[in-house]
Amino acid sequence: MSEITLPVVAKTAKADSNIASRPIWGAHLFVPANNAGFLEKLPLLTVKNIIIDMEYATKIPYKLEGRHLCKAAIGYIRQVRPDIGVAVRTNLYKAGQLFLDDLLTVAVAAPNAIRIPSVSEPSEVAHADELLSDIENTHGLLPGSIKLHPMIETPEGLHHAYAIATASPRVEALCLGGEDWAYNCGLERSQIGKELEHVKFELIAAASRAQVTPVDSVYNWINDLDGLAEDCNISFTIGMKARATINPRQIKIIDNVYKPSKYKIDWAKNLLAGLSEMYFDGRTHYISNGVINDILAISQARAILANAN
């Protein structure tokens, strides 16, 4: 039998994805937007990512104050601790003018990301993308630099999770809101967390398919650090890469769990070292060490190295 020769064009691999290129694994600390004292002390904490909260933690009478404090805080943190990733949780898209006012006020300060709560439809993400593009263009910001972190907190949102994650190239994370999920589904939250298993598995699968980072929900039992560590280990094992928290005491434990192992770092380096693209049979294939690799494996390898430190 004669050898079959495939038509092959080899070149350096691109294999682009939405997996965040900046460190995003580990703890994401919620801080209230209208608490100036807390915002001022943030640079003293050993935290890599924060979420300035203009939704739940900033009550209705203080929304305006919270917006402007948030905007000022972003500039302050940029000067004092430029290594901190700053996300802002706005009010719900469905809140209409509240959401729009949040975006118009804080986006000009160029946060790393906007976290939109309780996203149910991909159109919400697509419209937020358009609004951010207008803001970036008007204020001379780098196009596409403000990312989106939609939160899944309803059955409808979970049903559309993949479409939400792929509704804009700005989406770099898909985040679970466990408390609201339980509330919306008539579930009672527990420290064991069995009631969140289904939504976690589905969200992780959607995020992985979309090549974005899955982020777990807050563990509310702030005095149970052993329980937190156990829950984090389970969460990381099933595929979550980061976790929100409302208490600085939890940061170190979360950061220690949600980080790539030496084995995974070595695997990622080996996979990407000799990566190339080859085109045959009507599609592009990604080759490393003589083996065809799925694009999802490549994006995970890049995410591992982006979060290796």
Side-chain angles (χ1 to χ4, degrees), residues 19-20 23-30 46-51 85 87 89 113 115 117-119 149-154 157-158 161-162 164-165 171-185 187-265 267-268 296 299-300 303-304 306-308:
I19 289 283
I24 195 174
W25 293 16
H28 292 231
L29 178 67
F30 272 112
T46 54
V47 64
K48 299 175 185 175
N49 290 280
I50 63 169
I51 308 162
R89 180 162 74 172
R115 179 183 267 234
S118 199
V119 175
H149 294 180
M151 297 186 70
I152 302 301
E153 303 180 278
T154 67
L158 184 61
Y162 175 72
I164 288 168
V171 178
E172 69 173 359
L174 202 59
C175 310
L176 173 61
E179 302 308 308
D180 280 350
W181 170 268
Y183 179 81
N184 289 323
C185 293
L187 308 173
E188 187 167 338
R189 286 287 282 118
S190 67
Q191 287 180 263
I192 298 175
K194 295 285 286 184
E195 68 280 0
L196 298 183
E197 284 185 352
H198 172 73
V199 66
K200 287 188 180 186
F201 284 125
E202 292 289 329
L203 185 147
I204 290 163
S208 299
R209 181 184 173 199
Q211 300 176 57
V212 302
T213 303
V215 180
D216 208 344
S217 186
V218 170
Y219 184 86
N220 278 328
W221 295 269
I222 57 177
N223 293 320
D224 184 9
L225 297 182
D226 290 337
L228 169 68
E230 181 179 357
D231 197 75
C232 287
N233 276 301
I234 294 171
S235 168
F236 186 66
T237 298
I238 65 173
M240 290 291 189
K241 304 302 183 187
R243 181 158 215 158
T245 175
I246 57 173
N247 193 297
R249 293 177 61 206
Q250 296 183 334
I251 293 172
K252 185 175 181 180
I253 292 173
I254 294 172
D255 282 342
N256 283 341
V257 173
Y258 294 86
K259 64 181 181 181
S261 66
K262 182 181 183 303
Y263 168 79
K264 293 299 289 185
I265 293 171
W267 168 82
L296 297 182
S299 71
Q300 292 295 340
I304 287 168
N307 291 275

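Atoms NZ and CG, on K241 and L174 in that order, are 14.0 Å from each other to the nearest 0.5 Å. Taken from CE in M240 to CZ in F201, the straight-line distance is 9.5 Å, to the nearest 0.5 Å. Rounded to the nearest 0.5 Å, atoms CD1 (I152) and OG (S217) are 12.5 Å apart. We find the CG-CD1 distance between L29 and I50 to be 7.5 Å, quoted to the nearest 0.5 Å. Note that the CZ atom of R243 and the CG atom of D231 stand 4.5 Å from one another [nearest 0.5 Å]. The CG atom of L296 sits 5.5 Å away from the CD atom of Q211 when rounded to the nearest 0.5 Å.
Heavy atoms only, all atoms of each residue included: N247 and I222 are closest at ND2-CD1, 3.6 Å. For L158 against L203, the heavy-atom pair with the smallest separation is CD1-N, 4.0 Å. The shortest heavy-atom contact between T245 and A27 is CG2-CB, 4.3 Å. Nearest heavy atom pair, residue A165 against residue A210, reads CB-CB, 3.6 Å. The shortest non-hydrogen separation linking V171 to P150 is CG1-CD, 3.9 Å. Taking each heavy atom of D216 and S235 in turn, the nearest pair found is OD2-OG, 2.7 Å.
No side-chain heavy atom of M151 sits less than 4.5 Å from a side-chain heavy atom of V215. Two residues are said to be in side-chain contact when any heavy atoms from C-beta on lie closer than 4.5 Å; I254 and Y219 fail this criterion. Within the 4.5 Å cutoff, the side chain of W25 has heavy atoms near those of the T213 side chain. By the 4.5 Å heavy-atom criterion applied to side chains, Q300 and S208 are counted as neighbours.
W267 is linked by a ring pair (Phe, Tyr, Trp, His ring centres under 6.0 Å) to nothing, counting only residues two or more places apart in sequence or in another chain. Residues passing the ring pair (Phe, Tyr, Trp, His ring centres under 6.0 Å) test with Y162: none are found, sequence neighbours excluded.
Within a 6.0 Å sphere centred on CD1 of I192, other residues, nucleotides and ligands contribute 12 heavy atoms or fewer. Other residues, nucleotides and ligands place more than 12 heavy atoms under 6.0 Å from the CD atom of E195.
Side-chain atoms of N49 do not come within 3.5 Å of backbone N or O of G26 as any donor-acceptor pair. At distances below 3.5 Å, at least one donor-acceptor pair connects side-chain atoms of N307 with backbone N or O atoms of I24.
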field: Verdict with reasoning, V212 to H149, per side chain to side chain contact (heavy atoms under 4.5 Å, CB included)
entry: CA-CA 10 Å; V212 302; H149 294 180; over 6 Å; no
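Residues E197 and K200 are not paired through a salt bridge, judged by the lack of any N-O separation under 4.0 Å between the basic side chain and the carboxylate.
Of the residues listed (E179, R189, Q191), the one engaging N220 in a side-chain hydrogen bond (donor to acceptor under 3.5 Å, both in side chains) is E179, and it is the only one.
Sequence neighbours left out, the pairs with a member in residues 239-263 that pass ring pair (Phe, Tyr, Trp, His ring centres under 6.0 Å) are F236-Y258.
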